[in-house]
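Down below is the structure, laid out as structure tokens.
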There are 2 protein chains.
Amino acid sequence: MLQATHFHPALEIANTAFLGSEPNCLQALFRKQPVEHLAAGQSLFFEGDVAKHLFEVVEGNLRIFRVISDGRRVITGFLHAGDIVGVSLKNHYLYSAEAVTDTKVRRFSRKAFEAEVSNSPELRPEVFARLRDEMAAAQDQMVLLSCKDAEERLCSFLLKQLRRDPGHCRSNAIVELPMTRLDIADYLGLTIETVSRMMTKLANKGILVSAGRHCVRIMKYATLVQLSGDDDEYDGDERGLIGYAGRQRQ
Amino acid sequence: MLQATHFHPALEIANTAFLGSEPNCLQALFRKQPVEHLAAGQSLFFEGDVAKHLFEVVEGNLRIFRVISDGRRVITGFLHAGDIVGVSLKNHYLYSAEAVTDTKVRRFSRKAFEAEVSNSPELRPEVFARLRDEMAAAQDQMVLLSCKDAEERLCSFLLKQLRRDPGHCRSNAIVELPMTRLDIADYLGLTIETVSRMMTKLANKGILVSAGRHCVRIMKYATLVQLSGDDDEYDGDERGLIGYAGRQRQ
DNA sequence: CGCATGCTTGAATTTAATCAACCCTAGTGG
DNA sequence: CCACTAGGGTTGATTAAATTCAAGCATGCG
């Protein structure tokens, strides 16, 4: 998965405006391809399949996940419009991909993609940038799964969803949650019951107001950040000291 | 971090033998650089620092980790001889790096590295391959942290350590564990006590025999694999069916 | 030899999972 | 248009697993 953190559709279109036959942006590669439609729940590819294609998400969203031997599922990410699936792939898909909602994608041959990228000095930095963003996201997820409790996990998740919207305002913002509670649970390493309980707990604290199954209004952004356990806006000048405070909290 | 999964030192030296001024292997870039020594526990760089250099691990091993606001530490990986630190970096280090044991590294300017790579069509595939391996490792770690219990985590860890040794035989093999229990705990998302308990549990089952603090002999490889919860040697032809079995175990 | 650090073991506590019941809502068909 | 139903979601009681707290042991180093 490749989150398009720095590549908003608007920006991308601007880039393409003064562009000849040489695409200077990854998404330009996909632009000529026909749009394919996926119904909610439909699979795009399966873990272990030979990875013949990469995909650009045009609209909607995907979950990517692995299923382990005993049937447990781990969602390693959600993909949205502008994201490209598969740049980090070897010969086989490392994970399965399914549409969460009705979704449109464009398909591009992996071989052709790799040829294009290796020929274009303009495209390569973008591929690297996307890989780096993907890696950074994976690291964040490891931190979340390693040592955050249920409440922190859910708060982090909500913030992540909120920040995907470039025009989000800090408080009184609405977060869309197109995925089910089970999806959220499998993404956060929790159960649906725990996700549900934390959701009502946050609602009781007045931090958010539920607005239907797939929608939530954030009332106290700052509190949500605090509860997420991420030291955003790092105030500390003490980074870099030998050792660290120990693993206990408080 | 970049694990050198497919790049054993022996192979690398063989490659360099018939090699002109154009290096055809990433490690060749580092070869002219002086070796720097790090004492056990010494820091190589800190999370958040400007990433001016990449490093090749020549000997010994490093832990890379992040420390979150309340002092908890998450180890996201261990690095060994042949690994290169920092290919997935942005402008700042995403994590800190410390020597676990006495360690030797070579340093290379990130700018120069990027220039070399972007000029060399031979180097680029290797960079991508390493990034892909790193990504795959991160995914595995997410699966481990998401849904494995303490015993499965420790077994997975031991197997990973065992498999790093190219000449490992399946049973009766010795695994070196240069890191402390706290390192293992912070890597597996557990406490030292739990790691210790699981270690003795495996010893009681006759799966391994402790041989000092930093060494373990594996007696029952197959059992260890089973307990690790990874469906290695996948026997299933049923991958790719719609849906999945559900999240319950058994 | 003695201390310090890392490791192990045990008992109590806490957190989230599990098991079970019930509710709500969207979508269906009468 | 309304009643019914199925699936997703919530809530409560119980259980299990790992953490926390506490004590003691071993190993290595001065």
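None of the values given here were measured: they were computed from a predicted structure. We name chains A, B, ... by the order of the sequence lines, and we start the count at 1 in each one.
Distance CG (A/Asn204) to P (D/dG12): 10 Å, rounded to an integer number of Å. Distance, B/Met198 CE to D/dT19 C1': 12 Å, rounded to whole Å. Note: CG (B/Asp149) to C1' (C/dT15) measures 16 Å, nearest angstrom. Here the P atom of nucleotide D/dA17 and the CG atom of B/Leu154 are 17 Å apart, to the nearest Å. Atom-to-atom, CD of A/Glu152 to C1' of C/dA16 comes out at 14 Å; the value is rounded to the nearest Å. Atom CG in A/Asp70 sits about 11 Å away from atom P in C/dT18, given to the nearest Å. What separates NZ of B/Lys148 from P of D/dA17 is a distance of 18 Å, to the nearest Å.
Residue pairs meeting the side chain to side chain donor-acceptor pair (under 3.5 Å) criterion with at least one partner in residues 216-227 of chain A, sequence neighbours excluded, are A/Arg163-A/Tyr221, A/Asn172-A/Arg217.
A centroid separation of 6.0 Å or more is found between the aromatic rings of A/Phe65 and A/Tyr95.
For the side chain to side chain contact (heavy atoms under 4.5 Å, CB included) with B/Phe55, the lone residue among B/Ile84, B/Thr103, B/Leu62, B/Val85 that qualifies is B/Val85.
A salt bridge links B/Glu151 with B/Lys205: the closest approach of a Lys/Arg side-chain nitrogen to an acidic carboxylate oxygen falls below 4.0 angstrom. Note on A/Asp70 versus B/Lys148: no salt bridge recorded, every NZ/NE/NH1/NH2 to OD/OE distance being 4.0 Å or above.
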Please encode protein proximity along nucleotides 2-14 of chain C as a string of B, S and -, counting only heavy-atom distances under 4.0 Å. ----SSBBBB---

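Contacts of B/Tyr187 classified as ring pair (Phe, Tyr, Trp, His ring centres under 6.0 Å), with partners at least two apart in sequence or in another chain: B/Phe78, B/Phe157.
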